[in-house]
**Student:** 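Here it is, the structure in full.
Lettering of chains follows the sequences in order, A, B, ..., and the numbering in each one begins at 1.
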Amino acid sequence: MIGLVDCNNFYASCERIFRPYLENKPIIVLSNNDGCIIARSNEAKSLGFKMGEPIFKKRRMVEQHKVNLFSSNFALYGDISKRVFDVISEHISFYEIYSIDEVFLDFSNFSNPYEEALKLKENVKKCTGIPISIGISNTKTLSKVANHVAKREKNNIYFLEDKDQIIDILKKFSINKIWGIGRRYSSKLEKYGIYTAFDLLQCDEGWIRKMMNVTGLRMVRELKGISSFDFQNANVRKKSICTSRSFSKEICDYEKLSEYISMFSFRCSEKLRLERSCTKTISVFINTNNFKPKKKQHSGYMVKDFDVPTSDSIEITKLALQCLKEMYRMDCEYKKAGVVISDLVPENQVQLHIFDSSDRKRKNKLMKAMDFINGMIGRDSVRLGSSGVINKWKIGKERLSPSYTTKWSDILQIKL
DNA sequence: TCTGGGGTCCTAGGACCC
DNA sequence: TCTGGGGTCCTAGGACCC
């Protein structure tokens with residue numbers, strides 16, 4: 001038996017924890033630059049706000065219904081997420097964290113999974129203030145289905161086991177809600193008259209394999225109750241790391257753009273060291289605003305390799321800036337840029353290079369010192385000169401809530 | 001005026017090897 | 001007229017997830 005925990009409207013719920021007066025009020029959380037809708041409370045959902053919609057198109061509706069808008073506060077969400085998982089780990093020893101607000105649980109040792117889920121749900125709510133839903137079934141994909149159903153149940157828990165019951169639900173379950181079927185596949189399948197999960201189960205497996213390759217086939221098997229996606233080991237390393245941003249205003253100036261690229265590279269290398277990995281490959285991209293098709297368009301993308309895999313911020317930033325230099329066009333206005341590092345190897349398995357003359361031990365020490373200082377007294381306390389002197393990259397966040405749990409200056413005060 | 005960020009997996013086809 | 005068989009590695013692009 002596999003349980004899937006999903007935090008209800010996670011980001012919106014995080015904002016609500018410290019503002020109980022927002023209970024039953026519509027809440028929307030916005031992406032960077034306060035651009036798109038990325039989370040909605042149930043109240044906001046029923047008012048008709050859509051995921052991913054740009055908020056400026058909805059200004060009037062926001063005012064009309066007195067919707068509470070928030071800029072995204074990922075420091076807060078990340079910390080609350082960790083607390084939720086901490087509580088869960090006290091109940092269950094074998095679990096797989098799937099995303100910031102989802103975790104698969106091994107429920108096979110419980111004689112009464114429903115009771116166990118209920119206890120877990122209540123404890124998470126009590127300890128963190130976050131409401132969760134739990135779907136239970138015998139494969140990951142079916143537990144995802146069960147979780148959908150759970151969202152509408154009174155207790156937010158659904159145990160899906162009985163064969164007839166599974167068929168009943170799959171007959172009403174439209175394909176675009178299935179885990180692993182997105183917009184492309186659903187419109188492709190609908191052309192063949194396949195509208196529900198049940199319809200999909202009637203198809204020939206060879207045909208499914210041809211249509212949706214082996215991943216799609218595995219998903220269909222899971223719907224049939226045959227487990228095809230394993231539990232992931234808790235400490236899988238990342239295969240790539242990316243830092244990218246859209247700018248609130250387009251940038252032409254090379255100096256300014258290079259400061260961003262430098263900052264993105266630095267951020268990537270910090271994440272990389274946290275993973276205890278090194279990178280072999282770096283790619284940099286810069287894009288103009290494709291919502292303004294009349295303006296000159298350019299999508300630059302450049303990849304470069306390191307002779308020796310590294311996690312050194314200085315080396316990584318240097319190569320990234322070289323990429324930028326080679327593709328930057330002075331007659332373009334750039335709206336978005338990013339740095340991706342890939343081909344990651346564990347730091348203790350780095351292949352050395354016969355002509356490598358740099359003192360890697362010394363560089364490592366320097367990076368450790370930087371990470372230590374920034375960890376002690378705050379991000380960017382020490383950084384590279386190439387990223388500029390002041391925090392120019394502060395992206396538009398007008399409605400940012402305090403970082404109640406991760407910043408001393410923002411800690412909640414209670415009057416007794 | 002204003003449109004997010006960070007990941008994963010799979011496949012076909014080209015280039016190469018013996 | 002007729003021209004083999006069995007592999008690996010890499011990349012771009014397509015699909016998906018939250």
**Student:** Measure from the side-chain N and O atoms of N73(A) to the backbone N and O of S401(A), and report whether any donor-acceptor pair falls under 3.5 Å.
**Tutor:**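 Yes; at least one donor-acceptor contact below 3.5 Å.
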
**Student:** Kindly say if S246(A) contacts the phosphate of dG4(B), meaning a side-chain N or O under 4.0 Å from OP1 or OP2.
**Tutor:**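 So the side chain of S246(A) is within the cut-off, an N or O lying under 4.0 Å from OP1 or OP2 of dG4(B).
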
**Student:** What is the separation between atom OH on Y11(A) and atom C1' on dC18(C), rounded to the nearest whole Å?
**Tutor:**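 Whole-Å distance recorded here is 7 Å.
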
**Student:** Over all strands shown, is I55(A) touching base, sugar-phosphate only, or nothing at heavy-atom distances under 4.0 angstrom?
**Tutor:**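 Result for I55(A) = nothing.
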
**Student:** For D380(A), is there an ion pair with R267(A) - N to carboxylate O distance below 4.0 angstrom?
**Tutor:**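 Result for this pair is yes, salt bridge flagged.
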
**Student:** If the cut-off is 4.0 Å, is K336(A) near the phosphate of dT3(B), judged by side-chain N/O to OP1 or OP2?
**Tutor:**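 Checking dT3(B) against K336(A), no side-chain N or O comes under 4.0 Å of OP1 or OP2.
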
**Student:** Are any of the side-chain nitrogens in E250(A) or K335(A) under 4.0 Å away from the carboxylate oxygens of its partner?
**Tutor:**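 No salt bridge links E250(A) with K335(A).
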
**Student:** If you measure from the Lys or Arg side-chain nitrogens to the Asp or Glu carboxylate oxygens, is any gap between E333(A) and K295(A) under 4.0 Å?
**Tutor:**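 Salt bridge between E333(A) and K295(A), a charged N being under 4.0 Å from a carboxylate O: yes.
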
**Student:** What is the nucleic acid contact for I178(A), judged by heavy atoms within less than 4.0 Å: base, sugar-phosphate only, or nothing?
**Tutor:**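 If one applies the 4.0 Å heavy-atom cut-off, I178(A) turns out to touch the sugar-phosphate alone, with no base involved.
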
**Student:** To the side chain of N213(A), which of dT11(B), dC18(C), dC9(B) is closest?
**Tutor:**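 Among dT11(B), dC18(C), dC9(B), the one nearest the side chain of N213(A) is dT11(B).
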
**Student:** Using whole Å, report how far NZ of K239(A) lies from P of dG6(B).
**Tutor:**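 Between P of dG6(B) and NZ of K239(A): 20 Å.
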
**Student:** Have a look at S72(A) and say if it touches a base, only the backbone sugar-phosphate, or nothing, with a 4.0 Å heavy-atom cut-off.
**Tutor:**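 Result for S72(A) = nothing.
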
**Student:** Checking contacts here: which listed nucleotide (dG4(B), dG7(B), dC17(C)) is nearest the side-chain heavy atoms of K144(A)?
**Tutor:**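 Looking only at heavy atoms from C-beta outward on K144(A), the closest nucleotide is dC17(C).
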
**Student:** Can you tell whether the side chains of D230(A) and K140(A) come within less than 4.0 Å, N to carboxylate O?
**Tutor:**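 No salt bridge links D230(A) with K140(A).
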
**Student:** At 4.0 Å (heavy atoms only), tell me whether F74(A) reaches a base, stays on the sugar-phosphate, or touches nothing.
**Tutor:**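 If one applies the 4.0 Å heavy-atom cut-off, F74(A) turns out to touch nothing in the nucleic acid.
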
**Student:** Side chain of C36(A): nearest nucleotide among dG4(B), dC18(C), dT11(B)?
**Tutor:**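 Side chain of C36(A) sits closest to dG4(B).
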
**Student:** With respect to the phosphate group of dC9(B), does any side-chain polar atom (N or O) of R218(A) fall under 4.0 Å of OP1 or OP2?
**Tutor:**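 Negative; the distance criterion is not met.
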
**Student:** Reckon K188(A) touches a base, only the sugar-phosphate, or nothing at all at heavy-atom distances under 4.0 Å?
**Tutor:**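 K188(A): no heavy atom of the nucleic acid under 4.0 Å.
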
**Student:** If each of K335(A) and K238(A) is mapped to the nucleotide of DNA chain B with the nearest heavy atom, which maps nearer the 5' terminus, i.e. the 5' end?
**Tutor:**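 Looking at the nearest nucleotide for each, K335(A) comes out on the 5' side.
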
**Student:** Looking at dC17(C), dC16(C), dT11(B), which one has an atom nearest to any side-chain atom of R209(A)?
**Tutor:**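 When the side chain of R209(A) is considered, dT11(B) is the closest of dC17(C), dC16(C), dT11(B).
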
**Student:** Let me check I have this right: for DNA chain B, each base becomes ., (, ), [, ] or |, based on Watson-Crick or G-U pairs with both distances under 3.5 Å. What is the full string?
**Tutor:** ....||||||||||||||

**Student:** Flag the pair F247(A) / Y260(A) as yes when their ring centroid distance falls below 6.0 Å, and as no otherwise.
**Tutor:**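 Ring centres of Y260(A) and F247(A) closer than 6.0 Å.
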
**Student:** If you check the S244(A) side chain, which of dG6(B), dC10(B), dC17(C) turns out closest?
**Tutor:**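 When the side chain of S244(A) is considered, dG6(B) is the closest of dG6(B), dC10(B), dC17(C).
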
**Student:** Given dC18(C), dG6(B), dT3(B), which nucleotide is nearest the side-chain atoms of C242(A)?
**Tutor:**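 Of all the options, the side chain of C242(A) is nearest to dG6(B).
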
**Student:** Toward the 5' end of DNA chain B, which comes first, R59(A) or R237(A), by nearest nucleotide?
**Tutor:**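 Per heavy-atom nearest nucleotide, the more 5' residue is R59(A).
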
**Student:** Measure from the side-chain heavy atoms of N32(A) and tell me the nearest of dG5(B), dT3(B), dC17(C).
**Tutor:**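 Taking heavy atoms from C-beta onward, the closest nucleotide is dG5(B).
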
**Student:** Please give, in whole Å, the distance from dT3(B) P to E333(A) CD?
**Tutor:**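 Computing the E333(A):CD to dT3(B):P distance gives 13 Å.
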
**Student:** With a 4.0 Å cut-off on heavy atoms, is L30(A) in touch with a base, just the backbone sugar-phosphate, or nothing at all?
**Tutor:**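 Here L30(A) touches no strand at all.
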
**Student:** Let me know the distance between CG of L217(A) and P of dC9(B), rounded to the nearest Å.
**Tutor:**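 Computing the L217(A):CG to dC9(B):P distance gives 18 Å.
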
**Student:** For R399(A) and dC2(B), what is the distance between atoms CZ and C1' respectively, to the nearest whole Å?
**Tutor:**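 Checked: the CZ to C1' distance equals 12 Å.
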
**Student:** For F198(A), is the NZ or CZ atom of K171(A) found under 6.0 angstrom from the centre of its six-membered ring and inside 45 degrees of the ring axis?
**Tutor:**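 Yes, K171(A) sits over the ring of F198(A).
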
**Student:** Nearest-Å distance, CE (M219(A)) to C1' (dC17(C))?
**Tutor:**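 After rounding, the gap between these two atoms is 13 Å.
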
**Student:** Using a 4.0 Å heavy-atom cut-off across all strands, classify D101(A) as base, sugar-phosphate, or nothing.
**Tutor:**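 Sugar-phosphate: the residue D101(A), judged by heavy atoms under 4.0 Å, touches backbone atoms but no base.
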
**Student:** So does K210(A) pair up with E205(A), basic N to acidic O under 4.0 Å?
**Tutor:**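 Answer for the salt bridge query: no.
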
**Student:** Could you work out which one of dG7(B), dG5(B), dA15(C) sits closest to the side chain of Y185(A)?
**Tutor:**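 Closest nucleotide among those given: dA15(C).
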
**Student:** Considering only side-chain heavy atoms of F56(A), which listed nucleotide, dC2(B), dC18(C), dG5(B), is closest?
**Tutor:**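 For the F56(A) side chain, the nearest candidate turns out to be dC2(B).
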
**Student:** Among the nucleotides dC2(B), dC18(C), dG5(B), which one has an atom lying closest to any side-chain atom of E102(A)?
**Tutor:**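 Nearest to the side chain of E102(A) among the choices is dC18(C).
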
**Student:** Is a salt bridge present between R19(A) and E15(A), judged by a nitrogen-to-oxygen distance below 4.0 Å?
**Tutor:**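 Judged by the 4.0 Å cut-off on N to carboxylate O distance, R19(A) and E15(A) do form a salt bridge.
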
